[in-house]
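Remarks on the structure that follows.
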There are 2 protein chains.
Amino acid sequence: MYDCLVKHQLATQDYIKSIAKLSLKEGVDVVKLKWMALKLNVTNAAVSDMVKKLVKEGLVINHAYKGIELTDQGWFMGRRLIRHHRLWEVFLHTTLNVPWDEIHEEAEHLEHAASDALMNRIDEYLGFPTTDPHGNPIPNGDGTLSFNANEQSLNNVSDGEDYVVTRFESLDATYLQYLTHHGFAIGVSVKVVKRFDFDHSVLIDMAGGSLQLSYQISQQIFVVKSMD
Amino acid sequence: MYDCLVKHQLATQDYIKSIAKLSLKEGVDVVKLKWMALKLNVTNAAVSDMVKKLVKEGLVINHAYKGIELTDQGWFMGRRLIRHHRLWEVFLHTTLNVPWDEIHEEAEHLEHAASDALMNRIDEYLGFPTTDPHGNPIPNGDGTLSFNANEQSLNNVSDGEDYVVTRFESLDATYLQYLTHHGFAIGVSVKVVKRFDFDHSVLIDMAGGSLQLSYQISQQIFVVKSMD
DNA sequence: CTTTTAGTTTTAGCTTGCTTAAAATTTGCT
DNA sequence: AGCAAATTTTAAGCAAGCTAAAACTAAAAG
(Lines give C-alpha, C1' and ligand atoms only; values in the text may rest on other atoms or scores of the structure.)
Protein backbone atom coordinates (compact mmCIF):
# COMPACT_ATOMS: atom_id res chain seq x y z
CA MET A 1 0.00 0.00 0.00
CA TYR A 2 2.76 2.48 0.68
CA ASP A 3 5.98 0.72 -0.39
CA CYS A 4 8.08 3.01 1.71
CA LEU A 5 6.56 5.66 -0.53
CA VAL A 6 4.93 7.46 2.31
CA LYS A 7 8.14 7.63 4.24
CA HIS A 8 10.11 8.49 1.19
CA GLN A 9 7.78 11.23 0.13
CA LEU A 10 7.55 12.57 3.62
CA ALA A 11 11.31 12.84 3.86
CA THR A 12 11.57 14.34 0.39
CA GLN A 13 8.88 16.88 1.19
CA ASP A 14 10.46 17.88 4.48
CA TYR A 15 13.85 18.35 2.85
CA ILE A 16 12.45 20.41 -0.01
CA LYS A 17 10.39 22.58 2.30
CA SER A 18 13.38 23.19 4.54
CA ILE A 19 15.56 24.22 1.62
CA ALA A 20 12.86 26.58 0.39
CA LYS A 21 12.32 28.12 3.82
CA LEU A 22 16.02 28.55 4.53
CA SER A 23 16.56 30.02 1.10
CA LEU A 24 13.77 32.58 1.62
CA LYS A 25 14.75 33.34 5.18
CA GLU A 26 18.42 33.89 4.47
CA GLY A 27 17.71 35.60 1.17
CA VAL A 28 20.09 33.37 -0.77
CA ASP A 29 19.73 30.73 -3.47
CA VAL A 30 22.40 28.38 -2.19
CA VAL A 31 21.75 26.71 1.14
CA LYS A 32 24.46 25.09 3.27
CA LEU A 33 23.95 21.46 4.15
CA LYS A 34 24.82 22.27 7.73
CA TRP A 35 21.76 24.51 8.03
CA MET A 36 19.61 21.68 6.81
CA ALA A 37 21.13 19.24 9.28
CA LEU A 38 20.43 21.63 12.14
CA LYS A 39 16.91 22.39 11.00
CA LEU A 40 15.90 18.78 10.39
CA ASN A 41 17.85 17.48 13.37
CA VAL A 42 19.81 14.87 11.41
CA THR A 43 23.54 14.49 10.72
CA ASN A 44 25.34 16.28 7.88
CA ALA A 45 25.91 12.86 6.35
CA ALA A 46 22.18 12.19 6.20
CA VAL A 47 21.63 15.46 4.37
CA SER A 48 24.47 14.80 1.96
CA ASP A 49 23.00 11.37 1.31
CA MET A 50 19.52 12.67 0.68
CA VAL A 51 20.81 15.43 -1.57
CA LYS A 52 22.03 12.78 -4.00
CA LYS A 53 18.51 11.41 -4.27
CA LEU A 54 16.95 14.83 -4.64
CA VAL A 55 19.42 15.62 -7.42
CA LYS A 56 18.50 12.38 -9.15
CA GLU A 57 14.84 13.39 -8.98
CA GLY A 58 15.63 16.79 -10.48
CA LEU A 59 14.54 18.74 -7.41
CA VAL A 60 17.87 20.28 -6.38
CA ILE A 61 21.22 21.25 -7.83
CA ASN A 62 24.28 20.36 -5.78
CA HIS A 63 27.19 22.81 -5.91
CA ALA A 64 29.76 20.37 -4.55
CA TYR A 65 31.03 21.43 -1.12
CA LYS A 66 29.34 24.81 -1.55
CA GLY A 67 25.70 24.09 -0.89
CA ILE A 68 22.47 23.20 -2.64
CA GLU A 69 19.90 25.08 -4.64
CA LEU A 70 16.33 24.23 -5.64
CA THR A 71 15.47 23.69 -9.30
CA ASP A 72 12.27 25.24 -10.66
CA GLN A 73 10.55 21.95 -9.94
CA GLY A 74 11.97 21.97 -6.41
CA TRP A 75 10.72 25.52 -5.85
CA PHE A 76 7.31 24.53 -7.05
CA MET A 77 7.13 21.70 -4.58
CA GLY A 78 8.51 23.89 -1.81
CA ARG A 79 6.00 26.69 -2.33
CA ARG A 80 3.20 24.15 -2.48
CA LEU A 81 4.13 22.81 0.95
CA ILE A 82 4.52 26.29 2.41
CA ARG A 83 1.08 27.11 0.99
CA HIS A 84 -0.47 24.02 2.58
CA HIS A 85 1.18 24.76 5.89
CA ARG A 86 0.09 28.38 6.06
CA LEU A 87 -3.46 27.73 4.90
CA TRP A 88 -3.83 25.12 7.62
CA GLU A 89 -2.51 27.64 10.14
CA VAL A 90 -5.14 30.18 9.11
CA PHE A 91 -7.84 27.57 9.21
CA LEU A 92 -6.88 26.24 12.62
CA HIS A 93 -6.64 29.72 14.06
CA THR A 94 -9.67 31.45 12.57
CA THR A 95 -12.13 28.59 12.22
CA LEU A 96 -11.27 26.31 15.11
CA ASN A 97 -9.76 28.88 17.48
CA VAL A 98 -6.65 26.83 18.06
CA PRO A 99 -4.25 29.06 20.04
CA TRP A 100 -1.65 30.95 18.06
CA ASP A 101 1.25 29.05 19.52
CA GLU A 102 -0.13 25.57 18.78
CA ILE A 103 -1.01 25.94 15.12
CA HIS A 104 2.48 25.54 13.71
CA GLU A 105 3.03 22.10 15.16
CA GLU A 106 -0.39 20.84 14.06
CA ALA A 107 0.01 22.28 10.55
CA GLU A 108 3.38 20.60 10.26
CA HIS A 109 1.60 17.26 10.03
CA LEU A 110 -1.51 18.31 8.11
CA GLU A 111 0.47 19.94 5.30
CA HIS A 112 1.56 16.53 4.03
CA ALA A 113 -1.85 14.89 4.30
CA ALA A 114 -4.14 17.09 2.23
CA SER A 115 -4.56 17.09 -1.55
CA ASP A 116 -4.24 20.24 -3.64
CA ALA A 117 -7.96 20.08 -4.36
CA LEU A 118 -8.73 20.13 -0.64
CA MET A 119 -6.34 22.99 0.04
CA ASN A 120 -8.00 25.01 -2.71
CA ARG A 121 -11.37 24.39 -1.08
CA ILE A 122 -10.02 25.51 2.27
CA ASP A 123 -8.46 28.57 0.62
CA GLU A 124 -11.87 29.49 -0.80
CA TYR A 125 -13.66 28.73 2.49
CA LEU A 126 -11.28 31.12 4.27
CA GLY A 127 -11.82 33.85 1.66
CA PHE A 128 -8.39 33.59 0.02
CA PRO A 129 -6.26 34.92 2.88
CA THR A 130 -2.92 36.47 1.88
CA THR A 131 -1.01 35.89 5.11
CA ASP A 132 -1.01 33.30 7.87
CA PRO A 133 -1.61 34.18 11.55
CA HIS A 134 2.12 34.91 11.99
CA GLY A 135 2.03 37.36 9.10
CA ASN A 136 3.86 35.14 6.61
CA PRO A 137 2.61 35.43 3.01
CA ILE A 138 0.66 32.48 1.57
CA PRO A 139 1.77 31.29 -1.88
CA ASN A 140 -0.97 31.14 -4.54
CA GLY A 141 -2.30 27.93 -5.99
CA ASP A 142 -0.24 28.55 -9.12
CA GLY A 143 2.95 28.65 -7.10
CA THR A 144 3.63 32.39 -6.92
CA LEU A 145 4.70 33.98 -3.66
CA SER A 146 4.77 37.70 -2.98
CA PHE A 147 6.74 39.56 -0.34
CA ASN A 148 6.34 42.82 1.44
CA ALA A 149 9.49 44.62 0.30
CA ASN A 150 9.08 47.31 2.96
CA GLU A 151 9.35 44.94 5.85
CA GLN A 152 12.34 45.31 8.15
CA SER A 153 13.54 43.28 11.05
CA LEU A 154 12.87 45.04 14.35
CA ASN A 155 16.56 45.12 15.13
CA ASN A 156 17.33 47.09 11.96
CA VAL A 157 14.83 49.94 12.21
CA SER A 158 15.57 53.54 13.17
CA ASP A 159 15.29 54.47 16.84
CA GLY A 160 12.44 56.68 17.91
CA GLU A 161 10.24 56.13 14.85
CA ASP A 162 6.85 54.43 14.88
CA TYR A 163 6.42 51.02 13.26
CA VAL A 164 3.66 48.44 12.93
CA VAL A 165 4.26 44.70 13.44
CA THR A 166 3.56 42.72 10.26
CA ARG A 167 5.19 39.36 10.74
CA PHE A 168 6.74 36.90 13.18
CA GLU A 169 9.19 34.59 11.52
CA SER A 170 9.11 30.98 12.67
CA LEU A 171 9.12 31.53 16.40
CA ASP A 172 8.42 28.50 18.51
CA ALA A 173 5.50 28.10 20.89
CA THR A 174 7.40 29.37 23.93
CA TYR A 175 8.39 32.66 22.28
CA LEU A 176 4.93 33.17 20.84
CA GLN A 177 3.39 32.72 24.27
CA TYR A 178 5.91 35.17 25.69
CA LEU A 179 5.20 37.78 23.02
CA THR A 180 1.42 37.34 23.22
CA HIS A 181 1.64 37.71 26.97
CA HIS A 182 3.32 41.10 26.53
CA GLY A 183 0.73 42.37 24.10
CA PHE A 184 2.52 41.61 20.84
CA ALA A 185 0.38 40.79 17.80
CA ILE A 186 0.18 41.53 14.09
CA GLY A 187 -0.80 45.21 13.64
CA VAL A 188 0.45 46.42 17.01
CA SER A 189 2.46 49.70 17.05
CA VAL A 190 6.00 49.65 18.39
CA LYS A 191 8.95 52.01 18.71
CA VAL A 192 12.60 51.30 19.48
CA VAL A 193 13.62 53.62 22.31
CA LYS A 194 17.09 52.30 23.04
CA ARG A 195 19.49 49.69 21.72
CA PHE A 196 22.29 47.98 23.62
CA ASP A 197 25.42 47.38 21.61
CA PHE A 198 26.99 44.82 23.94
CA ASP A 199 24.34 42.15 23.29
CA HIS A 200 22.41 43.78 20.41
CA SER A 201 19.22 43.73 22.42
CA VAL A 202 16.63 46.50 22.03
CA LEU A 203 14.26 48.27 24.37
CA ILE A 204 10.93 48.86 22.70
CA ASP A 205 7.86 50.88 23.58
CA MET A 206 4.31 49.78 22.88
CA ALA A 207 0.77 50.26 24.15
CA GLY A 208 1.22 47.77 26.96
CA GLY A 209 4.43 49.38 28.25
CA SER A 210 8.08 48.88 27.40
CA LEU A 211 9.89 45.62 26.82
CA GLN A 212 13.46 44.46 26.36
CA LEU A 213 13.98 42.04 23.46
CA SER A 214 17.09 39.93 22.84
CA TYR A 215 18.82 40.06 19.47
CA GLN A 216 17.49 36.59 18.60
CA ILE A 217 13.90 37.60 19.19
CA SER A 218 13.97 41.10 17.69
CA GLN A 219 15.53 39.64 14.56
CA GLN A 220 12.45 37.51 13.98
CA ILE A 221 9.91 40.30 14.38
CA PHE A 222 9.22 42.26 11.20
CA VAL A 223 7.65 45.69 10.92
CA VAL A 224 6.78 48.44 8.43
CA LYS A 225 6.87 52.23 8.94
CA SER A 226 3.73 53.48 10.60
CA MET A 227 1.36 55.40 8.31
CA ASP A 228 0.05 57.65 11.09
CA MET B 1 13.29 14.59 13.13
CA TYR B 2 11.25 11.45 12.64
CA ASP B 3 13.73 8.56 13.12
CA CYS B 4 11.72 6.21 10.98
CA LEU B 5 9.08 6.74 13.66
CA VAL B 6 6.64 8.32 11.29
CA LYS B 7 6.81 5.39 8.92
CA HIS B 8 6.66 2.90 11.72
CA GLN B 9 3.70 4.54 13.34
CA LEU B 10 1.90 4.97 10.06
CA ALA B 11 2.25 1.29 9.30
CA THR B 12 1.27 0.33 12.84
CA GLN B 13 -1.77 2.57 12.72
CA ASP B 14 -2.91 1.24 9.36
CA TYR B 15 -2.60 -2.34 10.52
CA ILE B 16 -4.45 -1.72 13.76
CA LYS B 17 -7.23 0.19 12.05
CA SER B 18 -7.63 -2.56 9.49
CA ILE B 19 -7.88 -5.24 12.14
CA ALA B 20 -10.46 -3.19 14.01
CA LYS B 21 -12.53 -2.52 10.89
CA LEU B 22 -12.42 -6.11 9.69
CA SER B 23 -13.29 -7.35 13.15
CA LEU B 24 -16.32 -5.03 13.36
CA LYS B 25 -17.42 -5.67 9.79
CA GLU B 26 -17.24 -9.45 10.00
CA GLY B 27 -18.57 -9.50 13.54
CA VAL B 28 -15.71 -11.66 14.81
CA ASP B 29 -12.83 -11.19 17.23
CA VAL B 30 -10.26 -13.19 15.29
CA VAL B 31 -9.19 -11.80 11.93
CA LYS B 32 -7.45 -13.87 9.24
CA LEU B 33 -4.09 -12.58 8.07
CA LYS B 34 -5.23 -13.11 4.50
CA TRP B 35 -7.99 -10.51 4.93
CA MET B 36 -5.42 -8.03 6.13
CA ALA B 37 -3.13 -8.73 3.21
CA LEU B 38 -5.99 -8.15 0.76
CA LYS B 39 -7.17 -5.01 2.52
CA LEU B 40 -3.75 -3.43 2.85
CA ASN B 41 -2.56 -4.69 -0.51
CA VAL B 42 0.59 -6.34 0.83
CA THR B 43 1.70 -9.99 0.91
CA ASN B 44 0.72 -12.43 3.64
CA ALA B 45 4.36 -12.48 4.63
CA ALA B 46 4.35 -8.77 5.31
CA VAL B 47 1.31 -9.13 7.55
CA SER B 48 2.83 -12.08 9.39
CA ASP B 49 5.99 -10.07 9.87
CA MET B 50 4.19 -7.03 11.19
CA VAL B 51 2.02 -9.12 13.50
CA LYS B 52 5.17 -10.12 15.39
CA LYS B 53 5.92 -6.47 16.04
CA LEU B 54 2.36 -5.66 17.03
CA VAL B 55 2.40 -8.59 19.47
CA LYS B 56 5.65 -7.31 20.95
CA GLU B 57 4.02 -3.90 21.44
CA GLY B 58 1.03 -5.48 23.16
CA LEU B 59 -1.47 -4.39 20.52
CA VAL B 60 -2.56 -7.79 19.20
CA ILE B 61 -2.75 -11.45 20.23
CA ASN B 62 -1.65 -14.00 17.65
CA HIS B 63 -3.53 -17.30 17.60
CA ALA B 64 -0.92 -19.19 15.59
CA TYR B 65 -2.22 -20.21 12.17
CA LYS B 66 -5.74 -19.21 13.25
CA GLY B 67 -5.70 -15.44 13.02
CA ILE B 68 -5.14 -12.35 15.16
CA GLU B 69 -7.13 -10.44 17.72
CA LEU B 70 -6.75 -6.94 19.14
CA THR B 71 -5.88 -6.47 22.80
CA ASP B 72 -7.74 -3.80 24.80
CA GLN B 73 -4.91 -1.43 23.96
CA GLY B 74 -5.18 -2.36 20.29
CA TRP B 75 -8.92 -1.73 20.32
CA PHE B 76 -8.35 1.65 21.90
CA MET B 77 -5.94 2.65 19.16
CA GLY B 78 -8.25 1.26 16.49
CA ARG B 79 -11.32 3.13 17.69
CA ARG B 80 -9.26 6.31 17.95
CA LEU B 81 -8.29 6.08 14.29
CA ILE B 82 -11.84 5.25 13.21
CA ARG B 83 -12.99 8.28 15.19
CA HIS B 84 -10.46 10.54 13.50
CA HIS B 85 -11.39 9.21 10.09
CA ARG B 86 -15.11 9.65 10.51
CA LEU B 87 -14.88 13.08 12.09
CA TRP B 88 -12.79 14.26 9.16
CA GLU B 89 -15.39 12.83 6.80
CA VAL B 90 -18.15 14.81 8.49
CA PHE B 91 -16.05 17.94 8.48
CA LEU B 92 -15.09 17.65 4.82
CA HIS B 93 -18.65 16.96 3.80
CA THR B 94 -20.62 19.42 5.92
CA THR B 95 -18.18 22.29 6.27
CA LEU B 96 -16.22 22.23 3.04
CA ASN B 97 -18.83 20.59 0.79
CA VAL B 98 -16.42 17.98 -0.47
CA PRO B 99 -18.51 15.48 -2.48
CA TRP B 100 -19.65 12.37 -0.68
CA ASP B 101 -17.54 10.07 -2.77
CA GLU B 102 -14.24 11.92 -2.27
CA ILE B 103 -14.23 12.27 1.49
CA HIS B 104 -13.06 8.76 2.32
CA GLU B 105 -9.82 9.02 0.40
CA GLU B 106 -8.98 12.44 1.82
CA ALA B 107 -9.83 11.37 5.39
CA GLU B 108 -7.60 8.34 4.97
CA HIS B 109 -4.58 10.65 5.06
CA LEU B 110 -5.83 13.27 7.50
CA GLU B 111 -6.71 10.71 10.18
CA HIS B 112 -3.01 10.10 10.85
CA ALA B 113 -2.00 13.75 10.88
CA ALA B 114 -4.22 15.32 13.52
CA SER B 115 -3.74 15.27 17.29
CA ASP B 116 -6.46 14.14 19.68
CA ALA B 117 -6.79 17.72 20.88
CA LEU B 118 -7.50 18.93 17.37
CA MET B 119 -10.01 16.15 16.70
CA ASN B 120 -11.85 17.08 19.88
CA ARG B 121 -12.03 20.68 18.70
CA ILE B 122 -13.37 19.57 15.35
CA ASP B 123 -15.88 17.31 17.11
CA GLU B 124 -17.10 20.28 19.12
CA TYR B 125 -17.15 22.57 16.07
CA LEU B 126 -19.34 20.03 14.26
CA GLY B 127 -21.72 19.76 17.22
CA PHE B 128 -20.67 16.26 18.31
CA PRO B 129 -22.05 14.28 15.37
CA THR B 130 -22.89 10.62 16.05
CA THR B 131 -22.49 9.26 12.52
CA ASP B 132 -20.35 10.07 9.50
CA PRO B 133 -21.85 10.95 6.08
CA HIS B 134 -22.03 7.24 5.19
CA GLY B 135 -24.02 6.52 8.34
CA ASN B 136 -21.19 4.82 10.25
CA PRO B 137 -21.15 5.55 13.98
CA ILE B 138 -18.38 7.81 15.33
CA PRO B 139 -16.54 6.50 18.43
CA ASN B 140 -16.46 8.88 21.40
CA GLY B 141 -13.34 10.58 22.64
CA ASP B 142 -13.14 8.06 25.48
CA GLY B 143 -13.04 5.16 23.05
CA THR B 144 -16.60 3.87 23.22
CA LEU B 145 -18.44 2.95 20.06
CA SER B 146 -22.16 2.29 19.83
CA PHE B 147 -24.06 0.36 17.18
CA ASN B 148 -27.55 0.39 15.89
CA ALA B 149 -28.62 -3.13 16.77
CA ASN B 150 -31.73 -2.91 14.57
CA GLU B 151 -29.78 -2.40 11.38
CA GLN B 152 -30.00 -5.10 8.74
CA SER B 153 -28.23 -5.54 5.47
CA LEU B 154 -30.56 -4.77 2.55
CA ASN B 155 -30.17 -8.30 1.24
CA ASN B 156 -31.49 -9.80 4.49
CA VAL B 157 -34.69 -7.84 4.98
CA SER B 158 -38.24 -9.09 4.36
CA ASP B 159 -39.72 -8.54 0.93
CA GLY B 160 -42.49 -5.98 0.56
CA GLU B 161 -41.87 -4.15 3.83
CA ASP B 162 -40.75 -0.52 4.08
CA TYR B 163 -37.27 0.31 5.32
CA VAL B 164 -35.14 3.42 5.74
CA VAL B 165 -31.48 3.58 4.69
CA THR B 166 -29.18 4.21 7.66
CA ARG B 167 -25.70 3.28 6.54
CA PHE B 168 -23.41 2.51 3.59
CA GLU B 169 -20.53 0.31 4.58
CA SER B 170 -17.20 1.21 3.03
CA LEU B 171 -18.28 1.57 -0.59
CA ASP B 172 -15.73 3.05 -2.91
CA ALA B 173 -16.16 6.26 -4.89
CA THR B 174 -17.56 4.56 -7.98
CA TYR B 175 -20.36 2.80 -6.09
CA LEU B 176 -21.19 5.91 -4.10
CA GLN B 177 -21.51 7.92 -7.31
CA TYR B 178 -23.71 5.20 -8.76
CA LEU B 179 -25.98 5.10 -5.72
CA THR B 180 -26.20 8.87 -5.43
CA HIS B 181 -27.07 9.08 -9.08
CA HIS B 182 -30.04 6.77 -8.48
CA GLY B 183 -31.32 8.77 -5.54
CA PHE B 184 -29.81 6.76 -2.71
CA ALA B 185 -28.91 8.59 0.49
CA ILE B 186 -29.13 8.20 4.26
CA GLY B 187 -32.80 8.46 5.30
CA VAL B 188 -34.30 7.42 1.97
CA SER B 189 -37.18 4.88 2.03
CA VAL B 190 -36.74 1.60 0.18
CA LYS B 191 -38.65 -1.65 -0.28
CA VAL B 192 -37.45 -5.00 -1.66
CA VAL B 193 -39.96 -6.05 -4.30
CA LYS B 194 -38.22 -9.10 -5.70
CA ARG B 195 -35.11 -11.16 -5.08
CA PHE B 196 -33.29 -13.34 -7.56
CA ASP B 197 -31.91 -16.54 -6.12
CA PHE B 198 -29.50 -17.35 -8.94
CA ASP B 199 -27.21 -14.33 -8.27
CA HIS B 200 -28.69 -13.11 -4.95
CA SER B 201 -29.44 -9.71 -6.46
CA VAL B 202 -32.50 -7.74 -5.35
CA LEU B 203 -34.96 -5.46 -7.09
CA ILE B 204 -35.81 -2.52 -4.88
CA ASP B 205 -38.42 0.21 -5.03
CA MET B 206 -37.82 3.79 -3.97
CA ALA B 207 -39.01 7.34 -4.61
CA GLY B 208 -36.94 7.68 -7.75
CA GLY B 209 -38.20 4.44 -9.29
CA SER B 210 -37.00 0.85 -9.06
CA LEU B 211 -33.43 -0.42 -9.16
CA GLN B 212 -31.66 -3.75 -9.38
CA LEU B 213 -28.79 -4.18 -6.92
CA SER B 214 -26.16 -6.91 -7.03
CA TYR B 215 -25.50 -9.04 -3.97
CA GLN B 216 -22.20 -7.25 -3.37
CA ILE B 217 -23.86 -3.85 -3.27
CA SER B 218 -27.03 -4.72 -1.38
CA GLN B 219 -24.88 -6.38 1.28
CA GLN B 220 -23.21 -3.06 2.04
CA ILE B 221 -26.40 -1.05 2.39
CA PHE B 222 -27.97 -1.11 5.84
CA VAL B 223 -31.51 -0.23 6.77
CA VAL B 224 -33.98 -0.20 9.68
CA LYS B 225 -37.74 -0.88 9.66
CA SER B 226 -39.69 2.16 8.64
CA MET B 227 -41.62 3.84 11.49
CA ASP B 228 -44.45 5.05 9.25
C1' DC C 1 -7.29 -41.76 7.76
C1' DT C 2 -5.05 -39.87 4.02
C1' DT C 3 -5.02 -36.35 0.51
C1' DT C 4 -5.94 -31.83 -1.13
C1' DT C 5 -6.33 -27.14 -0.58
C1' DA C 6 -6.11 -22.91 1.68
C1' DG C 7 -3.84 -20.18 4.62
C1' DT C 8 0.41 -19.12 7.70
C1' DT C 9 5.21 -18.70 8.81
C1' DT C 10 10.07 -18.60 7.85
C1' DT C 11 14.02 -17.39 5.20
C1' DA C 12 16.72 -14.55 2.44
C1' DG C 13 17.19 -10.32 0.37
C1' DC C 14 15.76 -5.49 -1.23
C1' DT C 15 15.19 -0.22 -0.46
C1' DT C 16 14.86 3.92 2.30
C1' DG C 17 16.68 6.90 5.49
C1' DC C 18 19.31 7.07 9.25
C1' DT C 19 23.95 6.59 12.13
C1' DT C 20 29.13 6.79 13.16
C1' DA C 21 33.69 7.20 11.61
C1' DA C 22 36.96 8.59 8.51
C1' DA C 23 38.50 10.93 4.34
C1' DA C 24 38.24 14.98 1.25
C1' DT C 25 37.60 19.76 0.46
C1' DT C 26 36.94 24.55 1.50
C1' DT C 27 37.51 28.58 4.25
C1' DG C 28 39.52 31.69 7.34
C1' DC C 29 43.39 33.33 9.78
C1' DT C 30 48.19 34.55 10.42
C1' DA D 1 51.31 30.91 1.29
C1' DG D 2 50.23 27.65 4.85
C1' DC D 3 47.78 25.63 8.58
C1' DA D 4 43.70 24.85 11.45
C1' DA D 5 38.88 24.66 11.76
C1' DA D 6 34.69 23.78 9.68
C1' DT D 7 32.08 21.61 6.36
C1' DT D 8 31.03 18.08 2.93
C1' DT D 9 31.45 13.56 1.21
C1' DT D 10 32.21 8.64 1.34
C1' DA D 11 31.97 4.14 3.54
C1' DA D 12 30.00 0.69 6.36
C1' DG D 13 26.24 -0.72 8.80
C1' DC D 14 21.47 -0.77 11.10
C1' DA D 15 16.20 -0.98 11.48
C1' DA D 16 11.74 -0.84 9.29
C1' DG D 17 8.73 -2.68 6.09
C1' DC D 18 8.40 -4.80 1.96
C1' DT D 19 8.77 -9.14 -1.67
C1' DA D 20 9.35 -13.96 -3.40
C1' DA D 21 9.69 -18.45 -2.57
C1' DA D 22 9.92 -22.40 0.27
C1' DA D 23 8.29 -24.82 4.38
C1' DC D 24 4.78 -25.63 7.24
C1' DT D 25 -0.16 -26.27 9.56
C1' DA D 26 -5.03 -27.09 9.70
C1' DA D 27 -9.13 -28.43 8.21
C1' DA D 28 -12.23 -30.21 4.75
C1' DA D 29 -13.13 -33.82 1.39
C1' DG D 30 -12.83 -38.14 -0.30
Side-chain angles (χ1 to χ4, degrees), chain A residues 1-19 22-23 26 28-70 74 77 81 108-109 112, chain B residues 1-19 22-23 26 28-70 77 108-109 112:
Chain A
M1 189 177 221
Y2 15 60
D3 319 298
C4 267
L5 257 178
V6 167
K7 174 65 192 298
H8 174 66
Q9 294 207 356
L10 215 178
T12 298
Q13 288 182 2
D14 275 339
Y15 273 88
I16 295 298
K17 200 184 90 170
S18 290
I19 303 169
L22 284 169
S23 187
E26 306 293 333
V28 293
D29 284 340
V30 174
V31 168
K32 300 295 281 179
L33 276 67
K34 190 71 195 293
W35 304 349
M36 296 289 298
L38 285 171
K39 183 153 182 141
L40 294 171
N41 200 30
V42 295
T43 59
N44 294 358
V47 177
S48 187
D49 217 34
M50 181 63 87
V51 163
K52 283 187 214 154
K53 284 162 204 157
L54 298 177
V55 167
K56 228 180 271 175
E57 293 175 42
L59 295 168
V60 315
I61 297 162
N62 188 11
H63 301 286
Y65 289 99
K66 301 281 178 59
I68 51 181
E69 189 181 357
L70 288 177
M77 185 189 269
L81 287 164
E108 201 68 33
H109 299 112
H112 301 291
Chain B
M1 191 177 221
Y2 18 62
D3 320 300
C4 267
L5 257 178
V6 167
K7 173 65 192 299
H8 173 69
Q9 294 206 355
L10 214 179
T12 299
Q13 288 182 2
D14 276 339
Y15 273 89
I16 295 297
K17 199 184 91 169
S18 291
I19 303 169
L22 284 169
S23 187
E26 306 294 333
V28 294
D29 283 340
V30 175
V31 168
K32 301 294 281 179
L33 276 68
K34 191 70 194 294
W35 304 349
M36 295 289 297
L38 286 172
K39 184 154 182 140
L40 294 171
N41 200 31
V42 295
T43 59
N44 294 358
V47 177
S48 188
D49 214 35
M50 182 62 87
V51 164
K52 284 186 214 154
K53 284 161 206 159
L54 297 177
V55 167
K56 227 180 272 176
E57 293 174 43
L59 295 167
V60 315
I61 296 162
N62 188 11
H63 302 286
Y65 291 98
K66 301 279 182 59
I68 51 180
E69 188 181 357
L70 288 177
M77 184 188 269
E108 202 68 35
H109 299 112
H112 301 290

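So that the names make sense, note that chain A is the first sequence line, chain B the second, and so on, each numbered from 1.
The distance between atom CH2 of B:W35 and atom P of C:dG7, rounded to the nearest whole Å, is 11 Å. In this structure, the CG atom of A:N62 is 17 Å from the P atom of D:dT7, given to the nearest Å. Taking atom NZ on B:K52 and atom C1' on C:dT10, their separation rounds to 7 Å, with Å as the unit. Protein atom CD1 of B:I68 is 15 Å distant from nucleotide atom P of C:dG7, rounded to whole Å. Separating the CG atom of A:L54 from the P atom of D:dT8 is a distance of 15 Å, rounded to the nearest angstrom. Rounded to an integer number of Å, the gap from A:M50 CE to C:dC18 C1' is 9 Å. Rounded to whole angstrom, the span from the CG atom of B:D14 across to the P atom of D:dA16 amounts to 17 Å. We find that NZ of B:K32 is positioned 13 Å from C1' of C:dT9, with the value rounded to whole Å.
Taking only side-chain nitrogens and oxygens, A:K34 never comes nearer than 4.0 Å to OP1 or OP2 of D:dT8. Dashed line: the shortest gap from a side-chain N or O of A:Y15 to OP1 or OP2 of C:dT16 is not under 4.0 Å.
Here the straight-line distance linking atom OH of A:Y15 with atom CG of A:L70 works out to 14.0 Å at 0.5 Å rounding. Separating the NZ atom in A:K52 from the CG atom in A:N62 is a distance of 10.0 Å, to the nearest 0.5 Å.
A heavy-atom distance below 4.5 Å is not found between the side chains of A:K17 and A:K39. Residues B:I16 and B:V60 meet the side-chain proximity criterion, which asks for heavy atoms closer than 4.5 Å. At a threshold of 4.5 Å between non-hydrogen side-chain atoms, the residues A:V31 and A:M36 count as touching.
With distances taken from any side-chain atom of B:L33 to the nucleotides D:dA16, D:dC18, C:dT8, the minimum falls on C:dT8. Set against D:dG17, C:dT8, C:dT19, the side chain of A:V42 has C:dT19 as its closest nucleotide.
Evaluation of the side chain to side chain donor-acceptor pair (under 3.5 Å) rule for A:H112 yields A:Q13, A:D14 as partners, not counting sequence neighbours.
Checked options A:I68, A:L38, A:N44; the residue passing with A:L33 is A:I68 (criterion: side-chain contact (heavy atoms from CB on, under 4.5 Å)).
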Please write out the pairs of protein N or O atoms and N or O atoms of nucleotides 20-25 of chain D separated by less than 3.5 Å, giving the distance to one decimal.
none

